[in-house]
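Dumping the structure here so I can ask a few things about it.
As the structure is a prediction and not an experimental result, all values here were calculated from the model.
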Amino acid sequence: TSATGIDVTGTVTADGLTVQNANDVTTNTAEFRNDNGNRTFRFAQNTVGDADLLLEKNDGTDAVLISTHGNSYFNGGNVGIGGTPDSGRKLHIEGGDATVGITLKDTAGSQFGINSDGGSLIFKSDTAGSERMRIDSSGNLLVGKTGTAFGTAGIEARAGGTLWATASGTNAASFNRLSTDGAIAYFNKDGTTVGSIGTTGGKLYIGTQDGSDAFLRFESNEISPCAHEGSFRDNVINLGKSVSRFKDLYLSGGVYLGGTG
């Protein structure tokens, strides 16, 4: 122990080592430097008296801070990269521009980036940092687009529960049922199914399940009444009603009424 400090060249082995700054608790208590005199890391107390491990950049600014015990500002074990960890947050990453974030990289060199920009959480691919998805400050999930403009191609899962899909030059949505016949999409009101679109025998059917089934089945040059699973229904479904009639009927073939041509 010396009033002027310790100067050691080589390897030091000890059962225990205590270094204390008795003059100012807000300055360094232990510091390590490289051959150029630049700090590599230091143990210190910050201005609010929390014992921390600080890893610093060459200019003396904090690069990584690990809080070792909690107080009114920090919780013990929090890590701050580029800034002081906020209370209750185990990992805090901070920077001066939108490129600061997290990079995930595999051994083949492919990488994926996550960063924050203007309150949005952004996910990027390794292709020149191209944005692939974001969660904006309003809680909307955006895929293939950066803003909630319906005229811009991409998918929006809105925070209010609506789903918007916009595509240019192709279909905006595809639905595919495998293996068995049945409903492809259900439509509901207040949790109750009011209709569906499905398939039977490779054909499309659509209709409502309000009371008696009133479905239409579309197949080779025919539109037929059917049940909700697609089976034919004979002599039970009306076309129009007394207070809601169709107007003109244009036909190029015969008309069959009650089985008589």
Side-chain angles (χ1 to χ4, degrees), residues 38-41 46 50 52-67 70 73-179 183-189 191 196-197:
N38 296 319
R39 289 193 187 116
T40 55
F41 72 91
N46 57 35
D50 198 14
D52 300 312
L53 170 62
L54 297 176
L55 306 181
E56 292 189 333
K57 295 183 289 187
N58 288 340
D59 60 4
T61 58
D62 297 344
V64 179
L65 184 150
I66 303 174
S67 59
Y73 292 89
F74 312 118
N75 289 333
N78 292 355
V79 178
I81 300 176
T84 301
D86 293 335
S87 177
R89 292 174 173 82
K90 288 300 181 183
L91 178 62
H92 177 104
I93 301 175
E94 182 178 333
D97 55 55
T99 63
V100 175
I102 300 172
T103 297
L104 308 177
K105 189 173 183 179
D106 60 25
T107 56
S110 297
Q111 63 184 31
F112 192 85
I114 305 173
N115 64 280
S116 176
D117 181 17
S120 297
L121 180 62
I122 301 174
F123 300 84
K124 294 185 176 183
S125 70
D126 62 344
T127 308
S130 300
E131 181 176 327
R132 298 307 184 196
M133 182 175 70
R134 74 165 54 196
I135 302 174
D136 67 16
S137 57
S138 298
N140 302 312
L141 174 64
L142 310 176
V143 179
K145 60 197 306 183
T146 59
T148 54
F150 192 49
T152 302
I155 296 175
E156 302 177 32
R158 292 290 187 96
T162 58
L163 181 65
W164 293 6
T166 301
S168 178
T170 185
N171 56 301
S174 296
F175 302 90
N176 186 28
R177 179 181 177 124
L178 299 177
S179 182
I184 297 175
Y186 283 108
F187 301 90
N188 301 273
K189 172 66 171 67
S196 64
I197 299 175

Distance col, row Leu141:CG vs Thr148:OG1, nearest 0.5 angstrom, shows 12.5 Å
Could you give the distance from CG (Leu91) to CD1 (Ile102), rounded to the nearest 0.5 Å?
-> 6.0 Å
Closest non-hydrogen atoms of Arg177 and Ala183, given as atom of the first, atom of the second and distance, are NH1-O, 2.6 Å
Between Ala153 and Ser168, what is the shortest heavy-atom contact and its length?
-> CB-N, 4.5 Å
How long is the gap from CG on Asp117 to NZ on Lys124, to the nearest 0.5 Å?
-> 7.5 Å
Does Phe175 have any ring-ring contact (aromatic ring centres under 6.0 Å, His included) partners at least two apart in sequence or in another chain, and if so, which?
-> none
Value rounded to 0.5 Å, distance of OG1 in Thr146 from CD1 in Ile122 = 8.5 Å
Any idea which heavy atoms bring Phe187 and Ser196 closest together, and the distance?
-> CD1-CA, 4.0 Å
In Å and rounded to the nearest 0.5 Å, what is the CZ to OG distance from Arg134 to Ser116?
-> 9.5 Å
Kindly compute the distance separating CD (Gln111) from OG1 (Thr103), expressed to the nearest 0.5 Å.
-> 5.5 Å
Grab the two heavy atoms, one from Gly118 and one from Ser137, that are nearest each other, plus how far apart they are.
-> O-CB, 4.4 Å
Decide yes or no for Asn115 and Ile93: does some side-chain heavy atom of the first lie under 4.5 Å from some side-chain heavy atom of the second?
-> no
Verify, without hydrogens or angle tests, whether Asn140 (side chain) and Ala159 (backbone) share a donor-acceptor contact under 3.5 angstrom.
-> yes
Just wondering, do Leu163 and Ile155 contact through their side chains at under 4.5 Å, heavy atoms?
-> yes
Give a yes or no answer on whether the side chain of Thr166 reaches the backbone of Phe150 with a donor-acceptor pair at less than 3.5 Å.
-> yes
When you look at CZ of Phe112, are more than 12 heavy atoms from neighbouring residues, nucleotides or ligands closer to it than 6.0 Å?
-> yes
